[in-house]
Amino acid sequence: MEKNIYITTPIYYVNDKPHVGHAYTSIACDSLARFYKMLGKKVFFLTGTDEHGLKIQQSAKEKNIDTQSFVDLMSKKFHDLTSVLMLTNDDFIRTTSEKHKEGARQFWSSLEEKGEIYLDKYSGWYSIRDEAYYQEDELIDGKAPTGGSVDWVEEPSYFFRLSKYQKPLLDFYSKNPNFVYPQSRFNEVIKFVERGLKDLSISRTSFTWGVDIPSKKGHVMYVWLDALTNYITALGYPDNSSEKLKKNWPANYHIVGKDILRFHAIYWPAFLMAAEMRLPSQIIAHGWWTVEKEKMSKSIGNVVDPIDIIDRIGLDSFRYFLLREVPFGNDGDFSKHAIISRINSELSNNIGNFINRVYAMSTSNFGNQIPRYGQFLESEKKIELKILETVEQYKYYFLNVEFSKALGAMIELVSAGNKYIDTMQPWSLAKENQTERLSTILRLMLETIRIVCTMTYPIMPLASVKVLKSLSCFDGDENLSYESLKNINFLSDGSPIEKIDLLFPKIDKKLS
RNA sequence: GACGGUGUAGCUCAGGGGUAGAGCGACGCUCUCAUAAGGCGUAAGUCGGAGGUUCAAAUCCUCCCACCGUCACCA
């Protein structure tokens, strides 16, 4: 049984509606999933919502609705977004679902049976204003660093023996030097663990909205323990004979925001070691988006609603911008200027116009039929070489989750195509009735378009499929293949070319 | 404060001992098939600063300056 490529987003906390950051994570995962499918792999792609915790309970109370209705409502917003973004996720897990809660409890019991959990007291200086605990040495003049007053509080709590896993984790890290991407983040994780780990408080008694602990009434599970197990409960855990679990676990990619890296790179592996389960292959931490150089925040009121922006510039452009603008792992700036300049120059002027000019010449000279190849000269061989080179780079970068570079390679190919056309001057050949040359050149450019639009499929599924259909070479998403990128004789002689509307109109006006 | 990273053309960044690179932007020229798109070209940097090693340093070493990240229970 060949293992599937298992890709996950974090489960999103339903305290607020989705913003561009959520969309970003999901789109990255989706593009990766689509790419792997083109490689011929079976993929399982999971996303969902995290619905427990004190904050949720409070938010629901403020809005005067019962907690379950509140999370139903909020979760739906995230679920709706999966279709808006055209995610190809195979499941959508909710932590309030019975199957998840049962799995989480079983995970807990398994840790408990193995002696990895013990009951003690959780204590610290608590600031009501900040809703946060502080260490003794963090206090300034007996107050929180934020200036809020603090009280000493103690509550009974279960602890996970995290301290025990310092050495095993460090060993694991050194044996798996690519466990965390990017490397700089991995270094931070390693440093953190090297400084020593304290046991982790993993239950709360101060609120009730969470997964009940099997053995002790009044305790609910610490949200992170609850949340992280979603990656296995979605696969049918604790049923170890579950086909889904066997085929997918361990995960190939947990893609997360940099803010929650620690939970995925330290706690989660430790939990799994304790439960004697296999560890995920790679944790990918991406950066954050600012908006016009400002941090996104409700108080500034600059939170970008993905649905709103998609209404303006279209899904493909949105997905393209996010994955192209910034090296994956870095922070990015979601600015009007950057979006317009990126979309207009690369999508409209480069790709869009390229397709348009080739289509126009093809249809005016050869009717609505795919022209045939004649003899190849050096100039054509050079293009073929460029294609093969590009396709290799594209794959290399994609496998390294360097979306931006993969797209950069693709754009370079389009530029080479544009240049080739200018050099060949097919419009002159048409006037001179050099039909075979003309036919050869246009066919090669149509193949290039096909290849480019197959490469863009994981990022821009709508536009890609539209173009491939228009070239009579689309046979369903599931039949798109990476292999076809290496074949410059893929289209069928004489098949129809269908005219298409402008693929990427300029977007200046839509954003102003 | 400790540890790590970054500082290269107006902007975003690549390069990493042997006479400074790309994309975008600006400016100029040009084809006309095309979304006033494409192609070609020009300008622009004493490669954060100061020392040092070397025949030779943006590239290695030391110090300094500036900025960023991490330093546990914050979704």
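Below, read A as the first sequence line, B as the second, and so on, with proteins coming before strands; counting in each chain starts at 1.
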### Query
Checking only heavy atoms, does the side chain of N353(A) share a donor-acceptor pair with the base of A34(B) at less than 3.5 Å?
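Side chain to base: pair found, below 3.5 Å.
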#### Entry: Check: G38(B) base within 3.5 Å donor-acceptor of D422(A) side chain
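Indeed there is one.
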### Query
Which of these nucleotides, U35(B), A2(B), C73(B), is closest to any side-chain atom of R195(A)?
A2(B)
### Query
Considering only the P atoms, how many Å lie between C47(B) and A9(B), rounded to the nearest integer?
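Those two atoms are separated by 10 Å.
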### Task
Would you please confirm or rule out a distance under 4.0 Å between OP1 or OP2 of A75(B) and any side-chain N or O of N15(A)?
no
### Message
Any base atoms under 4.0 Å from L162(A), or only sugar-phosphate, or nothing? Heavy atoms, all strands.
### Response
base
### Task
Could you state the atom-to-atom distance from CH2 of W427(A) to P of G38(B) in whole Å?
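It is 13 Å, rounded to the nearest whole Å.
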### Query
Looking at Y122(A), is R204(A) sitting on its ring face, NZ or CZ under 6.0 Å from the six-membered ring centre and within 45 degrees of the normal?
yes
### Task
Grab the NZ-P distance between K258(A) and A75(B) for me, whole Å please.
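The distance from NZ of K258(A) to P of A75(B) comes to 17 Å, rounded to the nearest Å.
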### C1' atoms of A56(B) and U70(B), separation to the nearest Å
39 Å
### Query
What does A227(A) touch in the nucleic acid at a heavy-atom separation under 4.0 angstrom: a base, only the sugar-phosphate, or nothing?
base
#### Entry: Interatomic distance, M410(A) CE vs G23(B) P [rounded to whole Å]
16 Å
### Query
Across the strands shown, which category fits R324(A) at heavy-atom distances under 4.0 angstrom: base, sugar-phosphate, nothing?
nothing
### Task
Look at K419(A) and C40(B) and indicate whether a side-chain polar atom (N or O) is within less than 4.0 Å of OP1 or OP2.
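Yes, such a contact exists.
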### Query
Taking for each residue the nucleotide of RNA chain B bearing the nearest heavy atom, is the 5' side occupied by R185(A) or by N418(A)?
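On the 5' side of the pair lies N418(A).
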### Task
Check whether any side-chain heavy atom of L442(A) lies under 4.5 Å from a side-chain heavy atom of I370(A), and answer yes or no.
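The answer is no, as the side chains (C-beta and beyond) never meet within the 4.5 Å cut-off.
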### Message
Tell me whether the ring of W224(A) lies stacked over the A75(B) base, given a 5.5 Å limit on centroids and a 30° limit on the plane angle.
### Response
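Yes, the aromatic ring of W224(A) stacks with the base.
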### Message
Using a heavy-atom cut-off of 4.0 Å across all strands, would you classify F504(A) as base, sugar-phosphate, or nothing?
### Response
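Since a base atom lies under 4.0 Å of F504(A), the category is base.
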### Message
T9(A) vs H22(A), test: side-chain contact (heavy atoms from CB on, under 4.5 Å). Steps then yes/no.
### Response
CA-CA 9 Å; T9(A) 75; H22(A) 298 107; over 6 Å; no
### Summary
In Watson-Crick or G-U wobble terms, with both distances under 3.5 Å, the base opposite U62(B) is A50(B)
### Message
Is the distance between the ring centroids of Y24(A) and F328(A) under 6.0 Å?
### Response
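F328(A) vs Y24(A): aromatic centres under 6.0 Å.
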### Task
Have a look at L197(A) and say if it touches a base, only the backbone sugar-phosphate, or nothing, with a 4.0 Å heavy-atom cut-off.
base
#### Entry: Gap in Å between the two C1' atoms, one belonging to G10(B) and one to G25(B), rounded
8 Å
### Query
At under 4.0 Å between heavy atoms, what does G196(A) touch on the DNA or RNA strands: base, sugar-phosphate, or nothing?
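Answer is base: heavy atoms of G196(A) come under 4.0 Å of a base.
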### Complement of G17(B), any strand, by Watson-Crick or G-U distances under 3.5 angstrom
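Across all strands, not a single nucleotide pairs with G17(B).
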### Query
Any side-chain heavy atom of L272(A) within less than 4.5 Å of one from W268(A)?
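L272(A) reaches W268(A) side chain to side chain.
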### Task
Would you mind classifying the nucleic acid contact of S184(A) as base, sugar-phosphate or nothing, using non-hydrogen atoms under 4.0 angstrom?
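Nothing: the residue S184(A), judged by heavy atoms under 4.0 Å, touches no strand.
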### Query
How close or far is atom P of A75(B) from atom NZ of K295(A), stated in whole angstroms?
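To the nearest whole Å, that distance equals 13 Å.
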### Message
Under a 3.5 Å cut-off for both contacts, is G28(B) paired Watson-Crick or G-U wobble with anything, and if yes, with which nucleotide?
### Response
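Looking at the geometry, G28(B) pairs with C40(B).
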### Summary
Rounded to whole Å, CD1 of I11(A) lies from P of A75(B) at a distance of 13 Å
#### Entry: Rounded distance in Å - OH (Y359(A)) to C1' (A37(B))
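Whole-Å distance recorded here is 18 Å.
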### Task
Give one of base, sugar-phosphate or nothing for V223(A), where a contact means two heavy atoms less than 4.0 Å apart.
base
### Task
Please work out if N350(A) contacts a base, only the sugar-phosphate, or nothing of the nucleic acid, heavy-atom cut-off 4.0 Å.
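N350(A): no heavy atom of the nucleic acid under 4.0 Å.
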### Query
Base, sugar-phosphate alone, or nothing: which one does R342(A) contact when heavy atoms must sit under 4.0 Å apart?
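Nothing: the residue R342(A), judged by heavy atoms under 4.0 Å, touches no strand.
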### Message
Is the shortest side-chain heavy-atom distance between I56(A) and Y13(A) below 4.5 Å?
### Response
yes
## Note on the structure
Partner of C71(B) under the Watson-Crick or G-U wobble criteria, both distances under 3.5 Å, comes out as G1(B)
### Task
Could you work out the separation of G7(B) and A58(B) based on their P atoms and round it to a whole Å?
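Between the two P atoms, the distance is 15 Å.
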### Task
Answer with base, sugar-phosphate or nothing: what part of the nucleic acid does N187(A) contact at a heavy-atom distance below 4.0 Å?
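Here N187(A) touches no strand at all.
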### Query
If you look at every strand shown and take non-hydrogen atoms under 4.0 Å, does Y122(A) touch a base, only sugar-phosphate, or nothing?
base
### Task
Provide the distance between the two C1' atoms, one in C31(B) and one in G18(B), to the nearest whole Å.
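Their C1' atoms lie roughly 41 Å apart.
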### Task
State, with a plain yes or no, whether a side-chain heavy atom of F334(A) is found less than 4.5 Å away from one of M296(A).
no
### Query
Can you tell me how far P in G15(B) sits from the matching atom in A22(B), rounded to whole Å?
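Their P atoms lie roughly 15 Å apart.
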### Task
By nearest nucleotide on RNA chain B, pick out whichever of E346(A) and N356(A) is the more 5' one.
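Between the two, 5'-proximity favours E346(A).
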#### Entry: Whole angstrom value for the distance that separates C1' of G23(B) from CG of N344(A)
16 Å
### Task
Assess whether atom NZ of K17(A) is packed by more than 12 heavy atoms of other residues, nucleotides or ligands within 6.0 Å.
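No, not enclosed.
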### Query
Can a side chain N or O of R262(A) be found less than 4.0 Å away from OP1 or OP2 on C71(B)?
yes
### Task
Is it possible for you to check whether R443(A) lies under 6.0 Å from the centre of the six-membered ring of Y373(A), through NZ or CZ, and within 45° of that ring's axis?
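Output yes; distance and angle both within limits.
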### Message
Any base atoms under 4.0 Å from I260(A), or only sugar-phosphate, or nothing? Heavy atoms, all strands.
### Response
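The residue I260(A) makes no contact with any strand.
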#### Entry: Pairwise C1' distance, C61(B) and A2(B) [rounded to whole Å]
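These two C1' atoms come out 23 Å apart once rounded.
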### Message
Taking only side-chain N and O atoms of K55(A), does any of them lie within less than 4.0 angstrom of OP1 or OP2 on C74(B)?
### Response
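So the side chain of K55(A) is outside the cut-off, no N or O lying under 4.0 Å from OP1 or OP2 of C74(B).
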### Message
For the C1' atoms, the ones on U59(B) and on G21(B), what distance do you get once it is rounded to whole angstrom?
### Response
14 Å
### Query
Nearest-Å distance, CZ (R357(A)) to P (A34(B))?
10 Å
